[in-house]
Number of protein chains: 2
Amino acid sequence: MEKQSYTRDNMADLLREHGINPTHQRIEIAYALFGRQEHLSADQIMAVVNDRHSETSKATVYNTLNLFKQHQLIREVIVDPSKVFYDPNTSPHHHFFNLETSELIDIDADAVQIQGLPQLPEGMVTEGVDVIIRIRPGNH
Amino acid sequence: MEKQSYTRDNMADLLREHGINPTHQRIEIAYALFGRQEHLSADQIMAVVNDRHSETSKATVYNTLNLFKQHQLIREVIVDPSKVFYDPNTSPHHHFFNLETSELIDIDADAVQIQGLPQLPEGMVTEGVDVIIRIRPGNH
DNA sequence: CCATTTATTAGACAAAGTCCAATCTTTAGT
DNA sequence: ACTAAAGATTGGACTTTGTCTAATAAATGG
Ligand SMILES: [Mn+2]
Ligand SMILES: [Mn+2]
Ligand SMILES: [Zn+2]
Ligand SMILES: [Zn+2]
């Protein structure tokens, strides 16, 4: 039951498991997300991977994040009107969103149940359910 | 119990009730949202108010929507990574989001209950809870 | 009226994200 | 190893959403 650590090496394996050819840039981007287990925006990811020396372009960051998303290696979180956050956690879960700091905190979906939702409109299927609890530093 | 209709005249009253000075442009923008009771983006609102003859600038559309939001006359809905939707319904409610058409459908919050949410992080208070059910034209 | 405050405007600007054609890298076949 | 084809990366142009600013216009109050 030991939690696996995330190294660049097993990033390559992870990418292969998802049918993605592991290039240098893709490994670095995956490692930025999985190594930290945080919710990062594209520009934050770009800053991380180019911290030591610049080696990954903006186009590649976006290409790669969209590729990861298509292969369901990561998911997007839409909470901030000005930027998308990318989430290495693809298991069903929800979020606290700190409106002051723009930080996201995971909420395991297993513990949560939602009741009383109306029927889906005719001919529609559910793609996902997002619960976002917008929070703010409190009152006293 | 007759549902009130939304005319430009009672838009002016509505604005005054919220401490907003009712100008021609503000009335048109409010009427675009409340008259339709739909979820519209800023550019859709701009198209609506300038349909007959152009009279409202982009700056005023954004100024006005932000003003309405501050006075809690409308709220924002963040579901689409590329644009904000404005919602004339400020009572607590949730949304179906049609991923094909980008249409939003209201879900009354009274019927819905959410259980098992973890405690808020220390010193934080809830500003709001958003439930978004992403839907898509179904399977057969 | 006149003076002051409030609202609107065009257009410059900023930031997030996409697109493209050129280049670089990898792969597979010989 | 050499080559051709396919795949990945790149800088920079471009688009879209939204903000900002300084000038103008409209409303308000005395
Ligand atoms: Mn490196
Ligand atoms: Mn008019
Ligand atoms: Zn998450
Ligand atoms: Zn709504």
Side-chain angles (χ1 to χ4, degrees), chain A residues 8 11-12 15-16 18-33 39-50 52-71 73-87 102 104, chain B residues 8 11-12 15-16 18-33 39-50 52-71 73-87 102 104:
Chain A
R8 283 177 178 80
M11 284 305 100
L15 295 181
R16 276 186 218 98
H18 285 258
I20 298 166
N21 196 359
T23 64
H24 186 154
Q25 286 88 338
R26 287 169 180 174
I27 288 169
E28 290 299 319
I29 290 169
Y31 185 61
L33 279 165
H39 307 82
L40 300 176
S41 61
D43 67 306
Q44 289 174 318
I45 290 165
M46 181 142 174
V48 167
V49 300
N50 288 332
R52 296 167 154 275
H53 59 293
S54 188
E55 61 186 351
T56 307
S57 69
K58 183 173 64 150
T60 295
V61 170
Y62 281 103
N63 286 347
T64 299
L65 290 169
N66 286 327
L67 183 75
F68 286 2
K69 179 180 47 163
Q70 279 162 34
H71 288 261
L73 181 60
I74 63 174
R75 58 176 271 199
E76 290 182 341
V77 184
I78 314 297
V79 282
D80 184 309
S82 72
K83 59 172 72 99
V84 170
F85 288 103
Y86 293 90
D87 193 340
S102 288
L104 286 160
Chain B
R8 284 178 177 77
M11 284 304 102
L15 294 182
R16 275 185 218 99
H18 284 259
I20 298 166
N21 197 359
T23 64
H24 186 151
Q25 286 90 337
R26 288 169 180 176
I27 288 168
E28 290 300 320
I29 290 169
Y31 186 61
L33 278 165
H39 306 83
L40 301 176
S41 62
D43 68 307
Q44 288 175 318
I45 290 165
M46 182 143 173
V48 167
V49 300
N50 288 332
R52 296 168 154 273
H53 59 292
S54 187
E55 61 185 352
T56 306
S57 69
K58 184 173 63 149
T60 295
V61 170
Y62 280 103
N63 286 347
T64 301
L65 291 169
N66 287 328
L67 183 75
F68 287 1
K69 179 179 47 159
Q70 279 162 35
H71 287 261
L73 180 60
I74 64 175
R75 59 176 271 197
E76 289 181 341
V77 184
I78 314 297
V79 282
D80 183 309
S82 73
K83 59 172 72 101
V84 170
F85 288 103
Y86 294 90
D87 192 340
S102 288
L104 286 159

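Here is the naming used below: chain letters follow the sequence lines, and residue numbers restart at 1 for every chain.
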Say you draw a straight line from CD1 of B/Ile20 to CE of B/Met11; how long is it, rounded to the nearest 0.5 Å? 11.5 Å
Polar pairs (N or O, both sides) under 3.5 Å between protein and nucleotides 22-28 of chain D?
none

Quick one, [X] and [Y] - any side-chain contact, counting heavy atoms below 4.5 Å?
X: B/Tyr86; Y: B/Glu76; answer: yes
X: B/Tyr31; Y: B/Val48; answer: no
X: A/Ile78; Y: B/Asp80; answer: no
X: B/Asn21; Y: B/Arg26; answer: yes
X: A/Thr23; Y: A/Thr64; answer: no

Check each of A/Asp87, A/Val77, A/Leu40 against A/Leu104 using the side-chain contact (heavy atoms from CB on, under 4.5 Å) test, and report the only one that passes. A/Val77
Under 3.5 Å: donor-acceptor pair, side chain of A/Asn50, backbone of A/Glu55: yes
Whether B/His18 side chain and B/His71 backbone form a donor-acceptor pair below 3.5 Å: yes
Could you tell me the boundaries of the chain A footprint on DNA chain C, defined by atoms under 4.0 Å from its heavy atoms? C/dA16 to C/dC19
Footprint string (nucleotides 12-21 of chain D, 5' to 3'): B base within contact, S backbone only, - free, heavy atoms under 4.0 Å: -B---SBBB-
Under the side chain to side chain contact (heavy atoms under 4.5 Å, CB included) criterion, do B/Thr56 and B/Ile45 qualify, and how do the steps go? CA-CA 10 Å; B/Thr56 306; B/Ile45 290 165; over 6 Å; no
